[in-house]
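Just so it is clear, the values below take in all heavy atoms, side chains as well, and ignore hydrogens, waters and symmetry mates. Remember, predicted model here, so these are calculated numbers, not experimental data.
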Amino acid sequence: MNTPQVCIVGGGMITQVQILPSFYQLQRNGTVGAISICALNSAPLKMLAEDESLKKAFGGHTFTAYPPLAAEPNAEFPDLYKDVIANLPPQSIVVVAMPDQLHYPVIMEALKHDHHICCDKPLVLKYLQSVE
């Protein structure tokens, strides 16, 4: 059985201190495969890639950054997550770690492409979105 790929959408503090270390450990155990992280811009991704605590605890583990780490830090890519999610193999894991008001469109994009979803709370902000 192939291990699922993981795409974390959001590169902030929760990704740094909880989500990425958890998925690095799952990767170390062979439970998940490649990890990618998609953010609005490259600035938080550079911080994640350079985090000494993560490097020390998970030496040799890396992620693919979207946008690339070399991208202009202030250049914004608000819809990049759509392309990244669309290019994942079916049944990958999409982790939604963004501001609450942005959960719904990312969740719907992941569902559209037949992926599993892991979302920080709340799942969505409106009842009808949860029904959908």
Side-chain angles (χ1 to χ4, degrees):
M1 179 173 138
N2 290 335
T3 55
Q5 290 187 24
V6 176
C7 175
I8 302 168
V9 182
M13 186 218 33
I14 194 74
T15 297
Q16 182 178 16
V17 300
Q18 290 183 333
I19 296 170
L20 186 55
S22 297
F23 278 97
Y24 274 165
Q25 182 62 36
L26 289 170
Q27 189 180 55
R28 177 186 281 165
N29 294 340
T31 306
V32 300
I35 298 170
S36 59
I37 303 177
C38 186
L40 180 62
N41 58 50
S42 66
L45 301 176
K46 287 179 186 177
M47 287 178 38
L48 288 171
E50 296 170 0
D51 184 299
E52 289 301 322
S53 295
L54 287 172
K55 286 181 183 180
K56 183 178 179 183
F58 301 99
H61 290 265
T62 60
F63 62 88
T64 302
Y66 296 96
L69 298 176
E72 171 62 39
N74 294 323
E76 295 187 351
F77 304 86
D79 293 325
L80 182 58
Y81 74 92
K82 293 177 183 178
D83 293 333
V84 175
I85 290 172
N87 289 312
L88 291 168
Q91 299 292 300
S92 292
I93 300 169
V94 175
V95 181
V96 183
M98 302 175 64
D100 297 349
Q101 71 275 14
L102 301 175
H103 289 187
Y104 176 76
V106 178
I107 290 168
M108 295 308 291
E109 193 69 26
L111 289 173
K112 180 171 110 178
H113 294 283
D114 197 28
H115 298 307
H116 300 283
I117 299 167
C118 180
C119 183
D120 63 3
K121 64 180 183 175
L123 183 63
V124 291
L125 296 179
K126 298 178 181 177
Y127 170 76
L128 289 178
Q129 291 173 334
S130 67
V131 171
E132 184 181 353

Subject >> Other residues, nucleotides, ligands: >12 heavy atoms within 6.0 Å of Met13 CE >> reply: no
Original post:
Where is the tightest heavy-atom contact between Pro68 and Ser42, given as atom of each residue plus distance?
Top reply: O-CB, 3.5 Å
**OP:** Would you mind reporting whether Tyr81 and Pro105 have side-chain heavy atoms less than 4.5 Å apart?
**Re:** yes
**OP:** Tell me whether Leu102 is reachable from Ile117 by hopping between hydrophobic residues (I, L, V, M, F, W, Y) whose side-chain heavy atoms are closer than 4.5 Å.
**Re:** yes
**OP:** Inspect the surroundings of NZ in Lys55 and state if more than 12 heavy atoms from other residues, nucleotides or ligands are less than 6.0 Å away.
**Re:** yes
**OP:** To the nearest 0.5 angstrom, please state how far the OG1 atom of Thr3 sits from the CG atom of Leu26.
**Re:** 11.0 Å
**OP:** Give the cluster check for Leu123 versus Leu111: same hydrophobic cluster or not, with ILVMFWY residues linked at side-chain heavy-atom distances below 4.5 Å.
**Re:** yes
Subject >> Straight-line distance of Gln27 CD to Thr62 OG1, nearest 0.5 Å >> reply: 7.0 Å
Original post:
Would a distance-only check, ignoring hydrogens and angles, find a side-chain to backbone donor-acceptor pair under 3.5 Å from His103 to Pro122?
Top reply: yes
Original post:
For the residue pair Ala97 and Asp120, what are the closest heavy atoms and their distance?
Top reply: CA-OD2, 3.7 Å
Original post:
About how many Å separate CE of Met108 and CD of Gln129, when rounded to the nearest 0.5 Å?
Top reply: 9.0 Å
Original post:
Is any side-chain heavy atom of Pro73 less than 4.5 Å from a side-chain heavy atom of Asn41?
Top reply: no
Original post:
If you look at every heavy atom in Leu45 and Phe63, which pair is closest and at what distance?
Top reply: O-CZ, 3.6 Å
Original post:
Got a second to check how far Asp83's CG is from Leu88's CG, nearest 0.5 Å?
Top reply: 11.0 Å
Original post:
What about Val32 and Ile19, same hydrophobic cluster or not, with Ile/Leu/Val/Met/Phe/Trp/Tyr joined at side-chain heavy-atom distances under 4.5 Å?
Top reply: yes
**OP:** May I ask whether Tyr24 and Ile8 are part of the same hydrophobic cluster, defined by side-chain heavy atoms of I, L, V, M, F, W, Y residues being less than 4.5 angstrom apart, directly or through others?
**Re:** yes
Original post:
Could you give the distance from OG (Ser92) to CD1 (Ile35), rounded to the nearest 0.5 Å?
Top reply: 12.0 Å
Subject >> Where Ile85 and His113 come nearest, the two heavy atoms and their spacing >> reply: CG2-CD2, 4.0 Å
**OP:** Could you walk me through whether Tyr104 and Glu132 pass the side-chain contact (heavy atoms from CB on, under 4.5 Å) test, one step at a time?
**Re:** CA-CA 10 Å; Tyr104 176 76; Glu132 184 181 353; 2.4 Å; yes
Original post:
Quick one: do Ile37 and Phe23 end up in the same hydrophobic cluster if we chain Ile, Leu, Val, Met, Phe, Trp and Tyr together by side-chain heavy atoms under 4.5 Å apart?
Top reply: yes
Original post:
Between Gln91 (side chain) and His115 (backbone), is there a donor-acceptor pair under 3.5 Å?
Top reply: no
**OP:** State, to 0.1 Å, how close Pro4 and Ile93 come at their nearest heavy-atom pair, and which atoms those are.
**Re:** CG-CD1, 3.9 Å
Original post:
Side chain of Asn29, backbone of Thr31: donor and acceptor closer than 3.5 Å?
Top reply: no
**OP:** Could you walk me through whether Thr15 and Val95 pass side-chain contact (heavy atoms from CB on, under 4.5 Å), step by step?
**Re:** CA-CA 9 Å; Thr15 297; Val95 181; over 6 Å; no
Original post:
Cys7 and Val84: which non-hydrogen atoms are nearest, and at how many Å?
Top reply: SG-CG1, 3.6 Å
